[in-house]
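First the structure, in the form of structure tokens, and then the observations on it.
Given the structure is predicted, the values throughout are model-derived calculations rather than measurements.
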Amino acid sequence: MNYQPDSSRYQKMEYRRCGKSGLVLPALSLGLWHNFGAIDSIENARNILHTAFDNGICHFDLANNYGPPPGSAESTFGKLFREDFKPFRDELIISSKAGWPMWDGPYGDWGSKKHLVASLDQSLSRLGVDYVDIFYHHRPDPNTPLEETMAALDQIVRQGKALYVGISSYSPEETIKANTILAELGTPCVIHQPKYSMLERTIEDKLLTVLDRSGIGAIAFSPLAQGLLTNKYLDGIPDGSRASSNRGNGAIEKDAITPENIAKVRKLNELALGRGQSLAQMALAWVLKDERITSVIIGASKSEQVLDSIGALKNTAFSADELQLINTILT
């Protein structure tokens, strides 16, 4: 297939600088956590990626364990990269992560140098690239010295296997320490990937302030609470939805679709309609209203969802009354 992306793609997207680095990311990044595994349609995956890139989304976020089965999302992307995207490698930001269970034995998980270096080598092979643009430690390891984990990230950059490094799901205190170690090694922590949405706001307490003061970008995952902050579950759990699929691998489960959550979502949906947005668009705009947020990671099971998400960028401003009403609904 001779894929030719839309020539006006970069006029369709907003871009934000990542902390104090030279890295610039689209306001919306595409995550391959779900819907890109071996169990999924590769042609549907191709259509989603094409739609994203045609609209200026040049950042594709992966991890070693994305699938299912683990590793298969990277393999899917690697195939599509080889067939469609290789001529545009220098336009792409490709990221991966390690730190969740991936293979048997003591080195298939967590944050040892052995695990991180081996995992990235495997990821590069599956992706079919010489380097990733961003490599993250996926979660803190309570049993490995943080100095070892950060030294592994430093080594990976010096080996040319990643251009930038970051961390994910670290607490404010862990972030400060990790950033200090990396700065001393000469490889800055450029980006942090926390969970953040209207329904998950713990990073507001301290982490966003730490990132801002440290010059570290923030890229939010699960900004739609894996579909809960959309119109999908307004009337219960539909057949074919993520919550009904029992996919595992961290996907939303039926027990998250509670009457209390649905009541909140219905009220939020009414507010979104009053703003001329879908609920998903308002939820994304709400995260992006904070200038400390570099990008949000969207997921998609079909290309139309990518286009709907991009519509959020038409209005990311909220009045004081709207913000107060949202807080009232959520609390």
Side-chain angles (χ1 to χ4, degrees), residues 18-19 25 29-34 59-67 70 73-74 95-102 108-113 115-116 119-120 123 132 134-153 156 162 164-182 188-226 228-229 248-253 256 287 290 292-299:
C18 190
L25 296 178
S29 299
L30 181 65
L32 282 70
W33 185 5
H34 301 290
H59 176 208
F60 301 129
D61 180 81
L62 297 110
N64 60 351
N65 64 329
Y66 287 177
E74 290 184 329
S95 62
S96 193
K97 316 175 195 73
W100 284 92
M102 187 59 192
D109 193 359
W110 293 109
S112 69
K113 181 178 287 189
H115 172 68
L116 293 179
S119 181
L120 180 53
S123 291
V132 293
I134 307 171
F135 185 65
Y136 297 86
H137 184 220
H138 211 161
R139 60 168 175 168
D141 181 350
N143 298 311
T144 297
L146 192 57
E147 291 79 4
E148 177 179 336
T149 302
M150 295 304 107
L153 296 182
I156 284 165
Y164 302 96
V165 292
I167 53 179
S168 178
S169 302
Y170 274 53
S171 71
E173 294 74 21
E174 291 164 335
T175 298
I176 291 171
K177 186 176 180 182
N179 184 53
T180 299
I181 296 169
L182 283 171
C189 180
V190 167
I191 192 166
H192 189 299
Q193 187 173 135
K195 180 185 287 188
Y196 186 40
S197 72
M198 287 181 171
L199 299 177
E200 174 54 70
R201 300 177 61 174
T202 55
I203 71 169
E204 294 175 350
D205 294 337
K206 189 175 179 182
L207 181 61
L208 283 176
T209 299
V210 167
L211 298 180
D212 187 43
R213 290 176 178 173
S214 303
I216 300 172
I219 180 168
F221 75 90
S222 292
L224 301 181
Q226 294 201 59
L228 188 54
L229 288 169
N249 199 32
I252 191 172
E253 301 288 349
V287 176
D290 193 320
R292 296 171 295 184
I293 300 295
T294 307
S295 180
V296 296
I297 298 173
I298 61 170

### Task
Start with the C-alpha gap between H138 and S169, add the side-chain angles, then the distance that decides, and say whether side-chain contact (heavy atoms from CB on, under 4.5 Å) holds.
CA-CA 7 Å; H138 211 161; S169 302; 5.6 Å; no
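- Counting only N and O atoms by type, the side chains of E74 and S96 include a donor and acceptor under 3.5 Å apart.
- The two residues V165 and P188 have their closest heavy-atom pair at CG2-O, 3.7 Å.
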#### Entry: V210/I176 under side-chain contact (heavy atoms from CB on, under 4.5 Å): CA gap, chis, key distance, verdict
CA-CA 7 Å; V210 167; I176 291 171; 3.6 Å; yes
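- Residues that satisfy the side chain to side chain contact (heavy atoms under 4.5 Å, CB included) test with Y136, not counting sequence neighbours, are D61, S95, K97, I134, I191, Q193, I219.
- By the side chain to side chain contact (heavy atoms under 4.5 Å, CB included) test, D212 is found to be paired with R292, residues two or more places apart in sequence or in another chain being considered.
- Proximity of a side-chain donor or acceptor of T149 to a complementary backbone N or O of G111 within less than 3.5 Å is detected.
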#### Entry: Trace of the side-chain contact (heavy atoms from CB on, under 4.5 Å) decision for D109 with M102
CA-CA 6 Å; D109 193 359; M102 187 59 192; over 6 Å; no
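- Side-chain atoms of R139 come within 3.5 Å of backbone N or O of G99 as a donor-acceptor pair.
- W110 is listed as a side-chain neighbour of P142, based on a closest heavy-atom distance under 4.5 Å.
- Atoms OH and CD1, from Y196 and I293 in turn, are 6.0 Å apart once rounded to the nearest 0.5 Å.
- How far CG of L120 is from CZ of F135: 4.5 Å, rounded to the nearest 0.5 Å.
- Residues satisfying the side chain to side chain donor-acceptor pair (under 3.5 Å) criterion with T175, sequence neighbours excluded, are H192.
- In this structure, K113 NZ and T144 OG1 are separated by 12.0 Å, a value rounded to the nearest 0.5 Å.
- Between S123 and N64, the side chains place no donor N or O within less than 3.5 Å of an acceptor N or O (distance only, hydrogens not considered).
- Between P194 and L207, some side-chain heavy-atom pair lies under the 4.5 Å cut-off.
- For the pair L30 and I298, the minimum side-chain heavy-atom distance is below 4.5 Å.
- Sorted by first then second residue, the ring pair (Phe, Tyr, Trp, His ring centres under 6.0 Å) pairs that include residues 203-225, not counting sequence neighbours, number zero.
- Two residues are said to be in side-chain contact when any heavy atoms from C-beta on lie closer than 4.5 Å; M150 and K177 fail this criterion.
- The shortest heavy-atom contact between T294 and G19 is OG1-N, 4.2 Å.
- We find the CD-OG distance between E174 and S171 to be 3.5 Å, quoted to the nearest 0.5 Å.
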### Task
Take I167 and C189 through the side-chain contact (heavy atoms from CB on, under 4.5 Å) test and state the conclusion after the steps.
CA-CA 8 Å; I167 53 179; C189 180; 4.1 Å; yes
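- The side chain to side chain contact (heavy atoms under 4.5 Å, CB included) search around E200 returns K195, S197, T202, not counting sequence neighbours.
- Atoms CD1 and CG, from I203 and L208 in turn, are 4.0 Å apart once rounded to the nearest 0.5 Å.
- Between the CG atom of L116 and the CG atom of L153 there is a distance of 6.0 Å, given to the nearest 0.5 Å.
- Residues forming a ring pair (Phe, Tyr, Trp, His ring centres under 6.0 Å) with H137 (at least two apart in sequence, or on another chain): Y170.
- Counted by atom type alone, S29 and S295 present one or more donor-acceptor pairs between their side chains at under 3.5 Å.
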